[in-house]
Amino acid sequence: MSRYNPSVIEAKWRKYWEEHKTFAAPRLPSDMPNNPEGKKAYVLDMFPYPSAQGLHVGHPEGYTATDIFCRFMRMNGYAVMHPMGWDAFGLPAEQHAKKTGIHPRITTEKNIANFRRQLHALGFSYDWDREVATTDVDYFRWTQRIFLILFNAWYDKDQKKARHIDELPIPDDVRAEGDDAVRRYLDDHRLAYQIEAPVNWCPELGTVLANEEVVGGVSERGGFPVVRMPLRQWMLRITAYADRLEEDLADLDWSDSVKALQRNWIGRSVGAEVDFYIGPQEKFEDWKTARANATFPRKSGDNALRVFTTRPDTLYGASYMVMAPEHPYVERLTTAEQKNVVEEYRRQASFKSDLDRTDLAKEKTGVFTGSYAMNPVNGAKIPIWIADYVLASYGSGAIMAVPAHDTRDFEFATLFNLPIKQVVAPTKESNASSEEVALMKTAFTEKGVAVNSGEFDGMATEDFKALITERLEKAGLGRKTVNYKLRDWLFSRQHFWGEPFPLLRELDEEGKPNGVVIPLEPSELPLDLPQGVAFDATKHSPEPPLENAPEEWLYVERNGKKYKRETNTMPQWAGSCWYYLRYLDPKNQDNFVDPEIEKAWSPVDLYVGGAEHAVLHLLYARFWHKVLYDFGLVSRPEPFQRLVNQGMILGEMEFTGFQSEDGAWISAADVDVDKQGKAVRKSDGAPVNSVKLAQKDVGKSGENYTLAEEPTIIVLGKSEKMSKSRGNVINPDDVVAQYGADSLRLYEMFMGPLEAVKPWNQDGVNGVRNFLDRVWRMIISQEFESDALNDAVQDVEPNEEQNRILHKTIKAVTEDIRNLSYNTAIARMMEFANFFSRESIRPKSTMKTFVLLLSPFAPHIAEELWSMLGANQTLAYEPWPKWSEDAIKESTITIPVQINGKLRARVEVPADADAQTIEDAALAEKKIAELLDGKTIVKKIVAPGKMVNFVVKG
RNA sequence: GGCCGAGUGGCGGAAUGGCAGACGCUGGGGAUUUAAAAUCCCCUGUCCUUAACGGACGUGCGGGUUCGAGUCCCGCCUCGGCUACCA
């Protein structure tokens with residue numbers, strides 16, 4: 001074997017690693033030989049959804065990055081936990097079942113087998129004995145167990161932690177009402193609770209869709225109509241953890257941008273709740289007196305409409321109020337004259353999807369209820385409207401509108417001719433033009449100084465906010481409140497292919513659920529999905545498919561009572577909320593993870609995955625983890641210490657030119673897109689054809705790409721997301737077949753920084769393959785069918801220069817791996833290979849060290865070269881090479897000499913030369929002397945070891 | 001609209017405030033070869049200039065700080081991602 005042949009050596013080494021269980025992680029880090037203090041690295045990839053399409057080049061990007069890190073850490077003596085598994089529940093398998101009748105489990109297992117084969121082919125150092133799939137009954141048994149923990153928990157706001165529901169104090173008045181009231185009270189406080197919530201039902205697809213699967217009122221896939229209808233749903237009380245989820249971000253090694261994303265999503269805002277009086281006008285003063293003698297009530301009561309505002313300082317400017325169309329007070333507050341319009345408006349609003357309602361392009365809408373409220377601070381009588389720009393699900397579902405200082409209210413008030421009253425004046429520091437503000441041309445939303453606010457005039461916004469909140473609180477009219485954008489988590493899906501809820505719903509004599517829900521005992525788990533459920537493509541109701549489960553599964557009798565199983569299933573997120581724990585102890589039959597093992601390996605030291613999971617998955621998993629933490633089931637409050645998002649890999653750069661019907665080129669600058677999304681000529685709207693161009697036909701002029709032949713014709717050059725429809729998808733299997741897995745791994749890491757978005761370039765794969773070929777030739781003899789080392793590889797000590805280059809390479813590669821700067825690490829190794837390929841004597845020890853450096857990146861070729869260099873076992877646990885600073889030091893260095901900051905010459909000086917020596921050398925340089933002749937040196941800057949700069953005059 | 005990120009050769013990209021463009025791709029030239037593949041060597045930011053040399057300009061735009069700015073500060077522009085009436 002004289003030529004580098006990846007297909008042979010890659011298969012060989014994969015087999016070796018598998019047979020020797022080279023990458024098996026020990027039960028505990030300290031179980032590993034020579035690791036008494038239990039140094040460990042838990043390195044985790046976001047596990048994939050095993051789609052029918054198979055692996056995509058985006059997957060190996062993150063997986064290679066973590067694999068390199070793992071291999072590096074092993075060689076540094078760490079016990080490494082590096083598992084892989086499958087996030088295998090999901091709608092595609094269920095849709096496939098509807099079309100073909102094939103059970104989702106069969107489809108899923110087939111897809112997993114394909115993914116597993118593809119990942120194996122890339123030589124990742126996973127401990128495959130720890131593989132889990134969220135669809136395994138033995139796995140979701142514990143997902144169900146954790147759900148029971150949530151179900152049996154309430155959140156104690158004082159202790160700021162979850163506690164068992166048995167410890168929830170029951171108020172006396174509730175207890176007095178009897179067992180049923182107590183039961184309802186408990187259910188209202190559980191971390192898992194039920195509500196009626198609208199779902200997106202798509203009759204055509206026969207399924208309920210998530211909000212993100214509905215675009216513009218139709219399904220994302222297929223474009224079928226979607227209707228919203230209320231359905232009983234399970235919710236998880238993630239909002240109880242909002243503050244902790246936000247605060248605990250501080251200690252995590254995550255990028256600021258992901259932290260910011262999570263903070264925005266949680267959306268904490270501090271403000272005040274304020275009650276506006278809506279009772280009979282003559283009783284206003286009585287009401288105020290009553291309120292002043294009591295504390296601010298938990299609920300507003302029938303005589304008041306509660307609002308949330310972050311700007312209580314603008315209370316004097318409230319000129320109307322708005323309720324969400326779904327607000328419970330709407331009916332009561334609608335007068336007889338307004339009844340018809342209000343009802344019609346509510347009906348229209350109910351048809352609109354969340355997306356339609358938030359379509360900002362659209363004008364605001366709303367109707368007057370006919371009623372008025374009284375401003376608690378000045379008794380002003382203001383009209384109450386309903387409008388869908390106010391959301392029922394945020395704050396109290398109603399607002400006080402201050403059009404002078406809120407852009408949305410301003411728009412609405414302008415449209416409906418409602419009064420606009422200025423109560424905040426801009427200061428000198430304000431960005432807004434005071435002229436525009438004075439002319440009421442725009443809302444002034446910044447901080448400023450109070451005006452038209454009675455006794456508070458002249459106060460700065462922040463001071464006024466604090467003061468008025470305090471006054472309102474004393475008067476029983478309001479209180480300081482914190483609100484979150486984060487909503488509770490809708491945790492049920494009307495799908496078959498998900499974890500069944502371990503819950504039973506009690507039935508009354510007529511066989512209807514009576515509202516009592518009891519959990520299964522842990523000993524009754526797992527609750528598997530039933531056999532023999534027909535996959536019906538023509539489902540006519542949004543009821544869950546499990547409603548059609550066989551009766552022996554669906555109905556249960558217990559203590560003489562009849563129960564029906566919960567037929568909703570859990571969302572796909574559920575399984576991914578805790579998989580990192582199961583990997584640690586995947587076969588445990590008594591617990592989801594042994595606490596000793598959990599404690600030893602936690603937390604995940606490095607977690608790598610796509611940015612699309614920066615919010616939901618990570619927030620949900622952190623939430624579950626904190627619940628487990630509150631119950632002492634995990635040892636740390638946060639699961640993922642360091643997080644890195646790999647950037648997306650785009651398709652190859654594509655050039656597009658435009659031609660008119662007669663074949664004449666049209667510059668892209670003269671092409672427009674018409675309403676149908678078709679390209680047309682700007683001047684006359686004539687149709688235009690897009691033509692794909694080869695790179696050689698394209699040139700560049702200034703900022704623009706142009707036709708090489710006709711530089712006046714501008715063409716478009718762009719890299720797009722890979723997609724089947726665009727036809728620019730790269731299949732990793734093909735790349736492996738053509739170049740080898742090591743080349744694919746190396747290329748993906750060489751493309752650029754891990755976190756950057758980068759376009760694919762097939763020639764680049766060829767480039768790294770050339771590098772591996774060169775490394776091979778550097779060490780292995782090129783003689784036909786020879787297995788020998790290259791004659792240049794000899795058992796000698798490296799000379800000084802060779803040694804310096806070796807140590808520089810060790811240092812650079814080591815530091816780059818620590819920073820995950822793999823692209824530059826590879827560049828340094830290329831320089832090494834370029835240098836040593838030209839050396840006629842290549843010390844064997846140097847070659848061996850280099851092979852170790854290369855091994856995390858290209859493990860197959862490295863193992864092969866390692867064995868050719870004389871080893872008889874894997875290099876996976878060889879000590880990582882160390883560098884010596886002394887070896888790197890050069891005796892002389894070249895220093896740039898600048899005059900007025902411009903490079904004019906270079907001088908050679910001893911590496912440790914002091915400032916004076918360097919200055920003298922610079923002044924002695926012929927060219928510098930010439931340039932300085934006749935000039936006055938105003939200043940000399942000498943940075944020893946770096947540079948010299950003379951500032952001159954004249 | 002808000003938040004985040006990015007603008008450096010033909011392309012991907014490199015550069016603790018100190019020699020801009022490492023490394024790779026592409027393109028060009030040469031060596032080797034009967035020829036090709038493979039391999040090896042040289043050149044490859046723009047402009048001016050030379051026999052050789054040499055010089056000017058150059059990191060999206062405009063300012064600033066500094067002896068010195070791709071890097072720091074202020075103001076813009078463009079592109080990408082996320083988010084979207086959250087009171």
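Computed over heavy atoms, backbone and side chain alike; hydrogens, waters and symmetry mates excluded. Convention: sequence-line order gives letters A, B, ...; per-chain numbering from 1.
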Pair A:Glu930 + A:Lys927: basic N to acidic O under 4.0 Å: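 Salt bridge between A:Glu930 and A:Lys927, a charged N being under 4.0 Å from a carboxylate O: no.
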Should A:Lys808 and A:Glu831 count as an ion pair when the cut-off is N to O under 4.0 Å?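 Answer for the salt bridge query: no.
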Measuring to OP1 and OP2 of [N], would you say a side-chain N or O of [X] lies under 4.0 angstrom away?
| X | N | result |
| --- | --- | --- |
| A:Ser257 | B:rC3 | no |
| A:Tyr747 | B:rG24 | no |
| A:Asn834 | B:rA22 | no |
| A:Lys758 | B:rG12 | no |
| A:Lys259 | B:rC82 | no |
| A:Asn823 | B:rA14 | yes |
| A:Lys939 | B:rU66 | no |
| A:Lys718 | B:rG80 | yes |
| A:Arg774 | B:rU39 | no |
| A:Arg838 | B:rC41 | yes |

May I ask you to check whether A:Phe416 and A:Tyr320 place their ring centres under 6.0 Å from each other?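 Ring centroids of A:Tyr320 and A:Phe416 are no less than 6.0 Å from each other.
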For the residue pair A:Asp409 / A:Tyr389, report whether a side-chain donor-acceptor contact shorter than 3.5 Å exists.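 Note: A:Tyr389 and A:Asp409 side chains meet the donor-acceptor criterion.
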Would A:Tyr329 and A:Ser300 count as having a side-chain donor-acceptor pair, cut-off 3.5 Å?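 Indeed, the side chains of A:Tyr329 and A:Ser300 share at least one donor-acceptor pair under 3.5 Å.
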Which residue, A:Met648 or A:Asn766, contacts RNA chain B at a nucleotide closer to its 5' end, judged by nearest heavy atom?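 Looking at the nearest nucleotide for each, A:Asn766 comes out on the 5' side.
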Quick one: which of [options] gets closest to the side chain of [X]?
| X | options | answer |
| --- | --- | --- |
| A:Ala827 | B:rA22, B:rG55, B:rA87 | B:rA22 |
| A:Leu391 | B:rG24, B:rA87, B:rG18 | B:rA87 |
| A:Leu261 | B:rG18, B:rC82, B:rG24 | B:rC82 |

Answer with yes or no whether A:Lys364 presents, from its side chain, a donor or acceptor under 3.5 Å of a partner atom in the base of B:rC85.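 It does, because a donor-acceptor pair links the side chain of A:Lys364 to the base of B:rC85 below 3.5 Å.
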Is there a donor and acceptor pair closer than 3.5 Å between the side chain of A:Asp763 and the base of B:rC25?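 Per atom types, no contact qualifies.
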P gap between B:rA35 and B:rC19, integer Å: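 Roughly 47 Å separates the two P atoms.
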Answer with base, sugar-phosphate or nothing: what part of the nucleic acid does A:Gln898 contact at a heavy-atom distance below 4.0 Å?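 Base: the residue A:Gln898, judged by heavy atoms under 4.0 Å, touches a nucleobase.
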